[in-house]
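Notes follow once the structure below has been shown.
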2 protein chains.
Amino acid sequence: MKAATVKDVALAAGVSARTVSNVVHGYVHVSEDTRRRVQEACDRLDYRPNLLARNLRSGRSRVIALVVPEIGSPYFGELGQSIIEAARSRGYAVLIDHTGGDIEQEKEFLVRSSASRLFDGVLLSPSRVTGDELRAILDVPFVLLGPRLFDPAFDHVSIDNVAAAAEATGHLLRQGRRRVAAIGEQRWGGSAAQIRTIGFRKAHEALGLAVDESLVVPTARFKREDGAAAMSHLIESGLRPDAVFCFNDLLALGAMRAIHQHGLRVPEDIAVVGFDNIEEGQYSTPSLTTIAPDRHVIAELAVERLLARIDGETVDQPPRLVVPHQLLVRESA
Amino acid sequence: MKAATVKDVALAAGVSARTVSNVVHGYVHVSEDTRRRVQEACDRLDYRPNLLARNLRSGRSRVIALVVPEIGSPYFGELGQSIIEAARSRGYAVLIDHTGGDIEQEKEFLVRSSASRLFDGVLLSPSRVTGDELRAILDVPFVLLGPRLFDPAFDHVSIDNVAAAAEATGHLLRQGRRRVAAIGEQRWGGSAAQIRTIGFRKAHEALGLAVDESLVVPTARFKREDGAAAMSHLIESGLRPDAVFCFNDLLALGAMRAIHQHGLRVPEDIAVVGFDNIEEGQYSTPSLTTIAPDRHVIAELAVERLLARIDGETVDQPPRLVVPHQLLVRESA
DNA sequence: CATAGCTTTTTCAACGTGGCAATAGGCAGA
DNA sequence: TCTGCCTATTGCCACGTTGAAAAAGCTATG
């Protein structure tokens with residue numbers, strides 16, 4: 001059965017299409033009698049508006065896109081969930097794409113779909129693409145997520161990554177750990193990793209301690225296997241770290257696994273702190289001490305800001321929004 | 001700058017709107033000269049087609065919806081990732097919603113959006129809604145995912161859950177474990193859990209062993225905390241299980257955590273097998289033995305079938321597609 | 001009873017695209 | 001030169017909806 005349109009309903013109820021539209025939208029100046037007749041026709045024909053047509057007419061799709069490196073990675077999955085909820089409570093649906101951290105794929109997706117009007121705005125956690133490139137590519141409003149540094153003129157929601165990394169590192173140093181490693185450094189400037197490395201160094205400076213550069217281990221990606229490989233490297237090269245700050249929880253979980261496999265104990269031999277507070281860390285053995293960004297607030301603020309931009313509202317807060325975080329101390333450090 | 005439309009391009013290139021459309025679609029009967037002029041105008045005005053309009057005209061949105069209980073839960077996150085990739089390779093984008101396992105929310109989402117034409121079809125992993133309800137509600141094609149039983153007339157992609165559960169249980173029994181618990185039973189018929197319980201029982205029967213009903217522990221949900229609570233219950237009530245088959249990996253990870261907290265060892269005191277093969281299980285301590293569905297194949301088949309239905313193709317395979325799985329033996333059992 | 005002012009309903013057009021069918025131009029063969 | 005045929009291009013309309021504004025109906029007031 002072909003879906004019923006306003007016209008069909010109008011015909012059935014003996015009114016014009018416009019009146020049907022008025023009823024559907026709860027326009028006030030409709031007589032009780034007409035409203036009832038139209039309602040009944042709607043129900044009988046099982047009329048549901050064609051949003052495609054509505055969107056074309058109104059220029060709005062009430063869909064936002066979420067673009068992340070990997071939706072299957074726990075942090076982004078959990079964030080995605082919060083964002084879907086934040087968007088839904090405001091009447092928006094969420095189209096998700098992931099880029100695999102590949103800059104070409106990032107750009108390609110954005111170029112291909114941005115003028116499509118399929119979504120009204122984009123939330124994105126860019127792995128490599130720059131803010132200026134985004135501005136050039138995107139012709140819908142966008143709000144940035146994540147730790148990377150951007151021109152402060154861009155809307156951007158994140159926690160204070162330098163402070164958080166410093167807290168995590170400081171927590172280890174204040175326990176008397178003196179060979180604190182950092183896992184997850186990346187070579188290119190402006191990366192998420194470099195921001196966290198700054199915090200790592202600051203914590204050392206604050207206590208007048210020097211960073212042993214051989215304990216700062218870069219990784220290709222931010223996954224468990226990278227953390228495990230980096231940790232194995234640290235242990236096997238005889239660098240004897242007594243603690244490690246990992247730039248995300250997955251690295252930390254991989255690192256813990258490697259520590260265990262080398263017959264060492266967490267936290268007795270090596271203390272571990274992660275970053276992100278994914279659920280997995282609550283139930284790992286030992287449970288993971290980590291930096292917990294307030295995901296709910298991130299999602300709410302990001303969606304709110306994006307919808308404000310979509311609606312062309314003037315925003316009186318600064319573009320850059322800093323969300324609270326806390327250090328959750330559990331068993332691993 | 002307002003986005004350019006075909007009309008703007010047509011004006012700039014000195015041709016009709018229809019010719020622009022022809023060029024954009026690579027229609028053959030366009031002279032080299034015209035094609036070049038139009039191309040150039042497109043580039044200059046940065047013309048990108050309004051997909052909303054195209055979709056309205058063509059009745060297709062080239063978007064599919066994915067509806068799962070929780071996108072933030074690892075299994076669904078990882079599945080979502082595979083599905084996004086499968087869809088992308090066929091030129092489709094994916095709109096994701098999650099229902100929290102709430103039947104009203106499930107229905108509400110589907111009713112609200114199904115006739116909207118915002119997506120051409122739905123992949124869904126229903127937690128409670130029945131196939132018949134879906135057929136009544138949805139007026140776009142849909143393909144079911146997940147372990148639940150449905151009328152065989154519905155398109156449905158999943159592994160053989162009974163066989164998989166039996167393999168997992170059999171693996172424990174063949175090690176000589178004789179007090180094998182099951183965690184994750186649910187009270188209502190047709191649930192994912194009950195299907196797996198059948199496999200659990202079958203494995204016992206096959207070896208002529210009786211199931212101790214007190215070892216079959218229901219849980220409210222399928223999360224780590226439920227697994228931990230159920231396991232604690234088993235240990236503290238003195239039921240002395242020597243192994244446990246958990247109905248998903250999260251339950252298993254929670255159970256392992258509880259076992260550890262009670263000072264027992266995995267697998268020496270209690271062996272643990274999970275279900276789903278989420279990445280987390282590879283790096284847990286100990287690593288988790290589990291049933292691994294072929295996620296890639298699930299995603300490919302589900303998307304392929306859905307697109308076939310959308311295109312109205314006749315499908316010569318049966319509606320129900322069974323995807324291979326394997327038992328991955330790791331450290332926990 | 002004409003006018004004004006209100007409520008209710010309708011008409012018209014447009015959003016940007018693509019399908020259909022028609023038209024205009026070019027060229028070969030009779 | 002005319003016919004026929006093929007290529008290149010165009011105009012018109014429809015997809016389903018809603019905004020703007022006009023029209024129709026209704027009541028009140030002088």
Side-chain angles (χ1 to χ4, degrees), chain A residues 1-39 41-42 45-63 113-120 139-140, chain B residues 1-39 41-42 45-63 113-120 139-140:
Chain A
M1 178 193 65
K2 215 174 133 297
T5 75
V6 267
K7 279 184 191 165
D8 303 321
V9 177
L11 198 64
V15 296
S16 75
R18 198 60 184 74
T19 299
V20 174
S21 173
N22 284 339
V23 171
V24 169
H25 287 79
Y27 179 66
V28 278
H29 298 304
V30 177
S31 71
E32 242 348 283
D33 180 56
T34 307
R35 185 182 304 278
R36 201 176 29 70
R37 276 205 338 276
V38 171
Q39 276 297 358
C42 281
L45 298 178
D46 191 27
Y47 168 71
R48 280 168 288 181
N50 181 326
L51 295 188
L52 225 49
R54 177 182 294 176
N55 295 343
L56 174 61
R57 189 63 183 79
S58 65
R60 291 285 166 77
S61 66
R62 297 189 80 81
V63 172
S113 53
S114 108
S116 68
R117 305 286 140 192
L118 281 187
F119 42 84
D120 298 336
D139 66 353
V140 287
Chain B
M1 177 194 67
K2 215 175 134 294
T5 75
V6 267
K7 279 183 192 166
D8 303 322
V9 176
L11 197 65
V15 295
S16 75
R18 199 60 189 75
T19 300
V20 175
S21 173
N22 284 339
V23 171
V24 170
H25 287 80
Y27 179 67
V28 278
H29 297 304
V30 177
S31 71
E32 242 349 282
D33 180 54
T34 307
R35 185 182 304 279
R36 200 175 31 68
R37 277 206 336 279
V38 171
Q39 276 297 0
C42 281
L45 298 179
D46 192 26
Y47 168 71
R48 280 168 288 180
N50 181 326
L51 294 190
L52 224 50
R54 176 181 296 177
N55 295 342
L56 174 62
R57 188 65 184 81
S58 65
R60 291 287 168 76
S61 66
R62 297 189 80 80
V63 172
S113 54
S114 106
S116 68
R117 304 288 139 191
L118 280 186
F119 42 83
D120 298 337
D139 66 351
V140 288

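Below, read A as the first sequence line, B as the second, and so on, with proteins coming before strands; counting in each chain starts at 1.
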Go through the structure and list residues passing salt bridge (charged side-chain N to carboxylate O under 4.0 Å, His left out) with A:Arg62, not counting sequence neighbours.
none

I'd like to check the salt bridge (charged side-chain N to carboxylate O under 4.0 Å, His left out) partners of B:Arg54; sequence neighbours left out, ordered by chain and number.
none

Distance check needed: [N] [atom2] versus [X] [atom1], whole Å only.
X	N	atom1	atom2	result
B:Leu56	C:dG18	CG	P	11 Å
B:Leu45	C:dG16	CG	P	14 Å
A:Arg117	D:dG16	CZ	P	23 Å
B:Asn55	D:dA14	CG	C1'	16 Å

All side-chain hydrogen bond (donor to acceptor under 3.5 Å, both in side chains) counterparts of [X], not counting sequence neighbours:
X	answer
A:Asn22	A:Arg18
B:Ser16	B:Thr19
B:Arg37	B:Asp33

Under 4.0 Å protein heavy-atom contacts per nucleotide of nucleotides 17-25 of chain D, with B for base, S for backbone only and - for none:
BBBB-----

Under the criterion side-chain contact (heavy atoms from CB on, under 4.5 Å), which of A:Leu51, A:Asn55, A:Leu52 is the partner of A:Ser61?
A:Asn55

Using the rule given for side-chain contact (heavy atoms from CB on, under 4.5 Å), can you reason through A:Leu118 versus A:Val63, listing the C-alpha separation, both sets of side-chain angles and the distance that settles it, and then say yes or no?
CA-CA 7 Å; A:Leu118 281 187; A:Val63 172; over 6 Å; no

Could you tabulate the donor-acceptor pairs under 3.5 Å formed by side-chain atoms of residues 24-32 of chain A, not counting sequence neighbours?
| residue | atom | partner | partner atom | Å |
| --- | --- | --- | --- | --- |
| A:His25 | ND1 | A:Ser21 | O | 3.0 |
| A:Ser31 | OG | A:Thr34 | N | 3.2 |
| A:Ser31 | OG | A:Thr34 | OG1 | 2.6 |

Please write out each protein N/O paired with an N/O of nucleotides 6-9 of chain D under 3.5 Å, distance rounded to 0.1 Å.
| residue | atom | partner | partner atom | Å |
| --- | --- | --- | --- | --- |
| D:dA8 | OP2 | B:His29 | ND1 | 3.3 |
| D:dT9 | OP1 | B:Ser31 | OG | 3.1 |
| D:dT9 | OP1 | B:Thr34 | OG1 | 2.2 |
| D:dT9 | OP2 | B:Ser31 | N | 2.9 |
| D:dT9 | OP2 | B:Thr34 | OG1 | 3.3 |

For B:Leu56, what residues pass the side chain to side chain contact (heavy atoms under 4.5 Å, CB included) criterion, not counting sequence neighbours?
A:Asn50, A:Ala53, A:Leu56

Difference in axis direction between the ends of the helix from C:dC1-D:dG30 to C:dA30-D:dT1, five pairs, 10°
70°

Interatomic spacing from CG in B:Asp8 to CG in B:Asp46 - rounded to 0.5 Å
12.0 Å

